[in-house]
Amino acid sequence: MKPVNHKAWFLVAPVLLLVAISAIIPLMTVVNYSVQYVGSTGRFAWVGDEWYREVLHSEKFWNALWRNLVFSGVILAIQIPLGVLIALNMPRKGWGVPTCLVLMALPLLIPWYVVGMIWQMFGRVDIGLMGVMLRDFGYNYEGDPMDAWFTLILMDVWHWTSLVALLAYAGLVSIPDAYYQAARIDGASKWAVFRFIQLPRLGRVLTIAILLRFMDSFMIFTEPFAVIAGGDPVFLSTELKQTVELGKKAAMSIIYFLIILAVSWVFYAVMTRNDGEPTSADKARGGGA
Amino acid sequence: MLELRGVFRRVGGVAYLSDVSLRLEPGTLNVLLGPTLSGKTSLIRVMAGLDRPSAGSVLFDGQDVTDRPVSKRNVAMVYQQFVNYPGWTVRENIASPLKVRGTAPAEIEREVKRVADLLRLRDYLDRRPMELSGGQQQRVALARAIVKKAGLVLLDEPLANLDYKLREDLRVELPRLFADSAAVVVYATTEPSEALLLDGVTVAMHEGRAVQSGPTQSVYREPQDLTTARIFSDPPINTLPVEAAINPARFAGATTLALRAHHVRLQPRSAASDVYIAEVESIEINGSESFVRLNVRGQHWVMLARGIHTFAPGTSLTVYVEPDDMMQFDAAGRAIPSKREAA
Amino acid sequence: MARLDLSNIRHIYGPPGEGEPQYALRHVNQAFEHGGAYALLGPSGCGKTTLLNIISGLVHPSEGRVRIDGVDVTDKPTEKRNIAQVFQFPVIYDTMTVRENLEFPLRNRGVAAAQIKRRVDEVIEMIGLGALARRRARGLSADEKQKVSLGRGLVREDVSAILFDEPLTVIDPEVKWTLRTQLRELQRRSGMTMIYVTHDQTEALTFASGVVVMHEGQVLQVGSPKDLFEKPAHTFVGYFIGSPGMNVLPTKVDGAALRIGEYFAPLTSEPRLRGNPKLELGIRPEFVRLAAEGIPATIERIEDIGRHRIVRTRMLGHSVTALLQEHEPIPADPHLYFEPEGVHLYADSWRVELSGKPAP
């Protein structure tokens, strides 16, 4: 027989209210739009799942989704190993530490839109450093979709690898010295140290890095818009921008949202699979003396 | 006075406390003695108001405080870990409970000095906790608890993380620190010798129950059952089934005999001593005493011998036991009063 | 297996040259014999861990040489020294199983598979982790993890020595009892040289046959547990070993006796002294008797801890602690009597060996 204390609900109430205002209500509005036809005069008409069906049957949508996934995949495949590699080579003490940290943080401080502008300039064939150099090597940059792809990936790598590096660095410095000493005594090679000490201990941090980078790259919008100004390649977000009908837009947003939620959840579930396993020590401690 | 009436605490089907009823008085040290997981910390948390009992009530000076949260209870707590504000000096740390209360600066200054003298921290007032040794850090935490003048002071194994020499020094000082305080002081420990040194009142804890409580010496010398005798013995108490004893007829009604390690002797104390032949299993040495692990009639015993002994494992030893030192327990583990007490 | 020699080791913290040097180690000469069980014992900050790290090569000493079997290894890195070390907190490879953890040091050195299997089987049996061999190491309890670290130290048969840095810190008190004895047993069975760092006298004295007591970067005494108790070479050893520690009182030498105020404590023989050192009398509480005659004292407090009573007295303005057995009576008008075999003389804190002619 345990008395229930209802006072606790008052403590949770403000948070519930905040979440309701910031997330649930807007989301519900979007859900509402997605099942209606919104006319130019503001007239609403119930259309059921028609918008969803239209979106899911459009080839354009699937192409955009595919491109998005490939883009995120490529980004992760480059940024995660590169970030870890940079972190491994960053200094651990002395004046190099603050210098390195500030340098790494710099790209993160630049607004997305500006990054797009910078790279657009950079790639121009007439005045851009990269464009001109590539032209001198006999390659005519700009113009074909592959070039745009290449630029986008380069841009994202430049912009965001340091986030991964900083997270990984924080994870690395938290490994106690004794682990490295033990590894030296056990005669472990540099690779073994990485494989059996550093990588396992970076697990949690890298989970967060991958999640952040996936969600962010999947939502890529500002950058392609700045680089290509609406041309190819088309991502979900640009597709969304170009859609005119409010109802269709809403349906696309919902689908988009569900995809991100699902993929993030799968990532998270896979990567934290081992953490849940309680140790016998935890079990013993659970008693709480 | 702190009173617990029939306190239970269960979380998710696991019982942490079962039917604990206690009356703890100010002016003495109340020691909760028991091994890890015996419920000491759970009990302290209920006393503090950090956890609510699943059933039963907590009374302070006759007032029911069961539903009063910790923030409204005027409780001071010292933990096993040294918990201080790292960014503040020792002076600021000690003054913090008084500042919160809005005490006048002159009064704060006076109190900080008094307590700093008491805990021998006078020379360290302007340092930060991290610049101090573990013993000094724990003194700062104790000083904060004392200066707060709380009605209830809870000390949860405060010396467990200190070097043994520091532990020895602080252990001697502790009773003095709280001697003139009006607070109810509760001290949790796993070590029998600590309970004995602090004197006062001891509550023996086992599996969430308070198995016996009373003046420390009487709980130590007259445990009501074998469980309490075990809790209150370090090294572990030696047991012997009565039929394996010499002349078992003397122990009529008893099933198990128990004997503390220092009552196993290398020399007889009297003509009435029983003689047992033992085989040495191993030896541990603590600087001035030796713990000799023995096999006596198939039982694993520990003998605590003064001085340093280095018997090789396998050595055969003659050891002496006073029949009067044997505690007697019946089949249910309850103590049978010995002749000595009856007399 | 081998003999280890430390000669003229000094170690300074921080950059040299600026102001008073901060010595972690002042001047250490120490030999560790082949197959011995040693403990480095001292309070925190005494330099014992630094000394251990100098042996394993994790720290390079500011001065002095480290030799293994006569070969100077001072400038050799850890991995070239053939030394195993077990740390205070269990260091395990989380993602490996218990067995893989134990195989790791051997695999890294290219030991043949059959030999690895034989040796790892042996060690698993030795540390009693047979049932857990296939378990992933991350799920183990603290003491199981520490056993795995221990096992990784034992697994290499070619090591010169195994070093332990307070290995039982995170272990529950009840388990400590067994682990301590097991470790001693392992040392005996394996015949390996082991050096064990701790601040806990019970751990040190139980484990080691040679205990090195350190304080403020100096070795104060090297001896058997019996030596440390019966003949503490320095007043600090007397204080640190044994609980309660040794009583230390200012004194004067008067022939074959020590004088405290107008009273005398006889010595076994007459001491020879050079210069004009600060003289102190040291006596362990075990050798102080409460008697009807002797030096008058007042009793300040009695602590009854069951197996004996600690009697805190004041004698001629000094605190003196005595130990009383359970049934020993306390006289109404107490005097203190110092048993001669327990009386030591200290000159500038160092014990004066009384080897002169017997007292008349």
Side-chain angles (χ1 to χ4, degrees), chain B residues 35-37 133-135 160-169 171-172 175-176 190-199 216-217 220-221 232-236 260-263 265 269-270 281-291 293 302 304-310 313 322 324-325, chain C residues 41-45 169 172-178 180-182 184-185 188 198-209 211 224-230 232 236-246 284-286 301-310 312 321 323 325-327:
Chain B
T36 23
L37 304 181
S133 71
N161 282 1
L162 298 175
D163 285 9
Y164 78 95
K165 270 292 161 187
L166 288 169
R167 198 150 62 206
E168 241 173 70
D169 293 347
R171 208 142 51 182
V172 173
R176 187 174 58 88
T190 55
E191 287 182 48
S193 60
E194 205 156 69
L196 285 164
L197 263 178
L198 298 173
D199 217 352
T216 300
Q217 284 294 335
Y220 174 74
R221 287 183 203 284
F232 221 142
S233 299
D234 179 46
R260 288 207 165 93
H262 65 278
H263 287 143
R265 295 185 173 87
R269 234 181 68 76
S270 68
E281 289 178 336
S282 64
I283 294 190
E284 298 203 16
I285 301 165
N286 87 344
S288 42
E289 294 164 320
S290 308
F291 304 94
R293 300 200 157 230
V302 182
L304 179 70
R306 259 185 156 190
I308 311 296
H309 299 274
T310 45
E322 300 300 306
D324 279 357
D325 288 335
Chain C
L41 173 65
S44 41
T169 308
D172 262 4
E174 306 99 87
V175 187
K176 255 184 203 176
W177 268 89
T178 40
R180 228 160 26 203
T181 334
Q182 276 179 13
R184 176 91 181 105
E185 198 48 41
R188 278 212 198 93
T198 176
H199 64 257
D200 184 300
Q201 56 168 344
T202 310
E203 275 176 41
L205 301 175
T206 300
F207 175 78
S209 46
V211 181
S224 68
K226 208 175 169 69
D227 294 339
L228 300 181
F229 177 69
E230 289 174 357
F236 181 82
V237 178
Y239 158 78
F240 196 70
I241 309 278
S243 31
M246 186 171 71
R284 289 198 175 274
E286 285 84 353
R301 200 168 64 240
I302 300 171
E303 292 152 12
D304 187 337
I305 64 162
R307 54 182 184 253
H308 53 231
R309 281 165 294 171
I310 302 169
R312 314 253 176 205
T321 304
L323 280 194
Q325 292 302 297
E326 211 177 9
H327 300 285

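So you know, we letter chains A, B, ... as the sequences are listed, proteins then strands, and number each from 1. Small disclaimer: the values here were computed from a predicted structure and weren't measured. Below, all heavy atoms of this structure are taken into account, side chains as well, without hydrogens, waters or symmetry copies.
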[X] versus chain B, heavy atoms under 4.5 Å apart: side chain, backbone, both or neither?
X	result
C:Arg184	neither
C:Glu230	neither
C:Leu228	neither
C:Phe207	neither

task = Under 4.5 Å, counting heavy-atom pairs only, tell me which of C:Glu303, C:Arg307, C:His199, C:Glu326 racks up the most with chain B.
result = C:Arg307
request  = Using a cut-off of under 4.5 Å on heavy-atom pairs, state which of C:Gln201, C:Lys226, C:Arg284 scores highest against chain B.
outcome  =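 That would be C:Gln201.
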ask   = What distance separates B:Arg176 CZ from C:Arg301 CZ, expressed to the nearest 0.5 Å?
value = 8.5 Å
ask   = Can you tell me how far the CD1 atom of C:Ile305 sits from the CG atom of B:Asp199, to the nearest 0.5 Å?
value =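 So the gap between those two atoms works out to 12.0 Å.
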Looking at [options], which one has more heavy-atom pairs under 4.5 Å with chain C than the rest?
options	answer
B:Ile285, B:Ile308, B:Leu196	B:Ile285
B:Arg260, B:His263, B:Glu281, B:Arg269	B:Arg269
B:Glu168, B:Glu194, B:Arg306	B:Arg306

Least distance between heavy atoms, C:Gly242 atom then B:Ser288 atom =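 Heavy-atom minimum between the residues: CA-OG, 3.6 Å.
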inquiry  = Minimum heavy-atom separation for B:Asn286 and C:Leu205, please, with both atom names.
reply    =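 Shortest heavy-atom contact: C-CD1, 3.7 Å.
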message = Any heavy-atom pair between the side chains of C:His308 and B:Glu289 that's under 4.5 Å?
response = yes
task = Could you check if a side-chain atom of C:Pro43 sits within less than 4.5 angstrom of a side-chain atom of B:Lys165, using non-hydrogen atoms only?
result =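 SC-SC contact between C:Pro43 and B:Lys165 ruled out.
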Could you look at [X] and say if it's the side chain, the backbone, both or neither that has a heavy atom under 4.5 Å from chain C?
X	result
B:Pro235	both
B:Phe232	neither
B:Leu197	both

task = Decide, yes or no, whether a salt bridge links B:Arg221 with C:Asp304 under the criterion of side-chain N to carboxylate O below 4.0 Å.
result =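 So B:Arg221 pairs with C:Asp304 through a salt bridge.
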